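Just so you know, residue 1 is the first one in the sequence shown, and it goes up from there. This one's a predicted model, so the numbers in the text were calculated from it and none came from an experiment.
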Amino acid sequence: MTGSHNPIPAALGAFGLALIAGCTPPADGPGGAESASAAGRECFSARSVTGYRSAPRDPGAGERIYVDVGARDTYLFETFGACPELDFSWRIGLRDRGIGRICRGVDVDLVVPHPAFGTQVCPVRMIRKLGPGEEGARRSRSED
């Protein structure tokens, strides 16, 4: 068929890249978290994520996780509601919404495998960079 476009293969390819990007080592140089914060925002790219951990629940809030970025930074993510497998999943993907930088909750969704229902997408409501010494923040080597 001439002129037809099937968006499904492109969407699956982008989804796969987002999952892989969440597992790749951080990139150094321009475009890292440091250059984004110099512009007045605390932003990072999905490829800079180095890990994630469970965060304590907050009554009345969505699910929460800590997302480690680069060698030192930690961000607290909170979803818009329930994300049932978030605390139990060994793999979590980040699907950015096309801008390439993650600065606010509206910029990213969490992609979490669910054993019974396949992949679930959990919209992120809030992202906040944790300060040094704050609960959940990683300790620097100088603090050891």
Side-chain angles (χ1 to χ4, degrees), residues 5-144:
H5 174 69
N6 186 348
I8 293 174
L12 289 175
F15 174 73
L17 288 175
L19 285 176
I20 292 168
C23 299
T24 57
D28 294 321
E34 291 78 19
S35 66
S37 60
R41 279 205 163 149
E42 298 290 346
C43 302
F44 61 94
S45 66
R47 71 176 176 265
S48 298
V49 173
T50 56
Y52 60 91
R53 300 170 274 128
S54 293
R57 293 198 49 87
D58 183 15
E63 303 287 329
R64 297 169 19 139
I65 63 167
Y66 296 123
V67 176
D68 296 327
V69 177
R72 293 179 286 245
D73 296 331
T74 301
Y75 290 79
L76 176 65
F77 279 45
E78 186 175 294
T79 65
F80 265 111
C83 187
E85 291 297 310
L86 187 60
D87 288 339
F88 307 106
S89 182
W90 289 70
R91 296 178 312 171
I92 295 174
L94 300 178
R95 182 177 71 183
D96 73 50
R97 296 192 179 195
I99 63 169
R101 307 290 297 153
I102 299 168
C103 304
R104 302 167 299 153
V106 298
D107 297 337
V108 67
D109 292 321
L110 297 176
V111 181
V112 183
H114 191 286
F117 303 112
T119 302
Q120 64 184 19
V121 176
C122 302
V124 175
R125 181 183 77 78
M126 180 274 305
I127 296 173
R128 182 175 65 81
K129 184 177 180 183
L130 301 180
E134 193 172 350
E135 180 182 355
R138 291 183 289 170
R139 293 174 30 169
S140 68
R141 293 190 191 274
S142 62
E143 294 178 281
D144 290 335

Nearest atoms (heavy-atom pairs only) where [X] meets [Y]:
X	Y	value
Glu135	Pro56	OE2-CG, 3.3 Å
Gly131	Ala137	O-CB, 3.4 Å
Ser45	Gly100	CB-O, 3.8 Å
Thr50	Gly70	OG1-O, 3.3 Å
Asp87	Ser54	OD1-OG, 3.8 Å

Quick one, [X] and [Y] - any side-chain contact, counting heavy atoms below 4.5 Å?
X	Y	answer
Pro123	Arg97	yes
Leu94	Phe77	yes
Val112	Cys83	yes

What's the spacing between [X] [atom1] and [Y] [atom2] if we round to 0.5 Å?
X	Y	atom1	atom2	value
Ile92	Tyr52	CD1	OH	4.5 Å
Thr79	Met126	OG1	CE	9.5 Å
Glu85	Phe117	CD	CZ	9.5 Å

For [Y], is there any backbone N or O sitting under 3.5 Å from a side-chain donor or acceptor partner on [X]?
X	Y	answer
Arg72	Arg138	no
Arg128	Glu78	no
Thr74	Leu130	no
Arg53	Tyr66	no

Task: Steps toward side-chain contact (heavy atoms from CB on, under 4.5 Å) verdict (Tyr75, Glu42) - done: CA-CA 10 Å; Tyr75 290 79; Glu42 298 290 346; 4.1 Å; yes
Open item on the list: So for atom CZ, which belongs to Arg91, do other residues, nucleotides or ligands contribute more than 12 heavy atoms lying within a distance under 6.0 Å?
Closed with: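 At most 12 heavy atoms, drawn from other residues, nucleotides or ligands, come within 6.0 Å of this atom.
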TODO: Identify which one of Asp58, Leu86, Val124, Leu110 satisfies the side-chain contact (heavy atoms from CB on, under 4.5 Å) criterion when paired with Glu63.
DONE: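 In the set Asp58, Leu86, Val124, Leu110, the residue that makes a side-chain contact (heavy atoms from CB on, under 4.5 Å) with Glu63 is Leu86.
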Task: Pair Asp107 + Arg101: basic N to acidic O under 4.0 Å - done: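 Looking at Arg101 together with Asp107, the answer is no, because their closest N to O distance does not fall below 4.0 Å.
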